[in-house]
Amino acid sequence: MEIPRAWRPLRRAFFEAPAESVAPLLLGKVLAHQTADGLLAGRIVEAEAYLGPHNDPPDPAAHSYRGPTPRNAVIFGPAGHAYVYAIYGRYFCMNVSCEVEGRAGCVLLRALEPVAGSERMAANRGLGPGAKERDLTSGPSRLCQALGLTRAIHNGLDLLEPDSPLQLFDDGHAVGEVLVTPRIGIHDAIDWPLRFAVPGHECVSGPKKLRDPQSAGGSSSIFLLKPSG
DNA sequence: GCAGTGATTTGCT
DNA sequence: GCAAATCACTGCG
């Protein structure tokens, strides 16, 4: 499968904004990896914002918290680039840089709904062709494994450059209400409502109360955001 | 279904 | 030297 003509590239200005504004808008957009063997693509159904040190208060869970280093340089660079880092020795996670060059901020892609190449995603994940979509791309490192994303090859790529093997598109799919919750897997700023997901979607990661608003109980840091506009 | 735990690289202090 | 934006496997209820 090739990139359909109807898929429109996102604009740089879309990402030149605070990560907490960009993250919910990324839901429904398509991440596409063009490989020699064909297209691997998935719709973003879960994302987390990480804020730069300019934010008040600064975000202690962000890799940019202590200022620029060689590792996090991409987050301080221009918007719309891929920040891929290794974690726990065996996995990768992928972010999209936000804000203008010189200011940090990024969005961690946490889950996708497979759109193209799901059989190869299953193979990349070490699963059979009948694997459930949830087992392919539900989790930040699972989606990197499914799409074959690594730090060595993909860190720093411009996601808005037409020749890039890794790009982001708007295919016209509309997302309704957005589930907002605290972020997952961090130990600082655990109450900040910076995780955004499609409510009840099968491919969203995490425990049920962080996937389905009906299961969230009365927690004040878990709520539904109405569609804007 | 849930909690506990091991694997194992990287970058920063 | 250590902590990390994780995952999969195990054992148990």
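To find a chain, count down the sequence lines: A is the first, B the second, and so on, and within it residues start at 1. Worth knowing before you read on, the calculation uses all heavy atoms, side chains too, and leaves out hydrogens, waters and symmetry mates. Keep in mind it's a predicted model, so treat the numbers as computed, not measured.
Using a 4.0 Å heavy-atom cutoff across all strands shown, Cys144(A) reaches no nucleic acid atom at all. Among the protein residues, Arg90(A) comes within range of the nucleic acid bases, having at least one heavy atom under 4.0 Å from a base atom. Within the 4.0 angstrom heavy-atom criterion, only backbone atoms of the sugar-phosphate kind lie near Ile87(A); the bases stay farther away. Within the nucleic acid shown, Arg195(A) has no heavy atom closer than 4.0 Å to any nucleic acid atom.
Between Asp171(A) and Arg43(A) there is a salt bridge, since at least one side-chain N of the basic residue sits less than 4.0 Å from a carboxylate O of the acidic one.
Pairs passing the side-chain hydrogen bond (donor to acceptor under 3.5 Å, both in side chains) check and including a residue from residues 108-125 of chain A, sequence neighbours excluded, read Thr35(A)-Arg120(A), Glu46(A)-Arg110(A), Arg110(A)-Ser205(A), Glu113(A)-His201(A), Arg125(A)-Gln145(A). For residues 78-97 of chain A, the pairs satisfying side-chain hydrogen bond (donor to acceptor under 3.5 Å, both in side chains) are His63(A)-Tyr83(A), with sequence neighbours left out.
Residues Met1(A) and Leu40(A) do not share a hydrophobic cluster, defined by chaining ILVMFWY side chains whose heavy atoms lie under 4.5 Å apart. Linking ILVMFWY side-chain heavy atoms closer than 4.5 Å, directly or via other members, places Ile75(A) and Phe15(A) in two distinct hydrophobic clusters.
Which of dT13(B), dT10(B), dA7(B) sits closest to the side chain of Ala86(A) comes down to dT10(B).
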Between protein and nucleic acid, restricted to nucleotides 3-5 of chain B and to nitrogen or oxygen atoms under 3.5 Å apart, what atom pairs and distances do you find?
none

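Heavy atoms from other residues, nucleotides or ligands lying under 6.0 Å from CD1 of Ile190(A) number 12 at most.
Partners of Asp158(A) under the side-chain hydrogen bond (donor to acceptor under 3.5 Å, both in side chains) rule, at least two apart in sequence or in another chain, are Arg12(A).
Heavy-atom nearest nucleotides on DNA chain C were determined for Ile186(A) and for Asp135(A), and the one closer to the 5' end corresponds to Ile186(A).
From Cys93(A), atom SG reaches atom CZ of Arg151(A) across 13.0 Å, with rounding to the nearest 0.5 Å. In this structure, OG on Ser164(A) lies 8.0 Å from NE2 on His154(A), to the nearest 0.5 angstrom.
Rounded to whole Å, the distance from OH on Tyr85(A) to C1' on dT8(B) is 16 Å. The CG-P distance, from Leu210(A) to dC2(B), rounds to 12 Å in whole Å.
Taking a pair as Watson-Crick or G-U wobble with both distances under 3.5 Å, DNA chain B forms stems of 3 or more consecutive pairs at B:1-7 with C:6-12, B:9-12 with C:1-4.
In terms of modelled atom types and a separation under 3.5 Å, the side chain of Glu20(A) and the main chain of Leu194(A) share no donor-acceptor contact. Under the 3.5 Å distance criterion, the side-chain polar atoms of Ser141(A) are matched with a main-chain donor or acceptor of Phe92(A).
Bracketed by its first and final contacts, the part of DNA chain C lying under 4.0 Å from non-hydrogen atoms of chain A reaches from dA4(C) to dA8(C) in 5' to 3' order.
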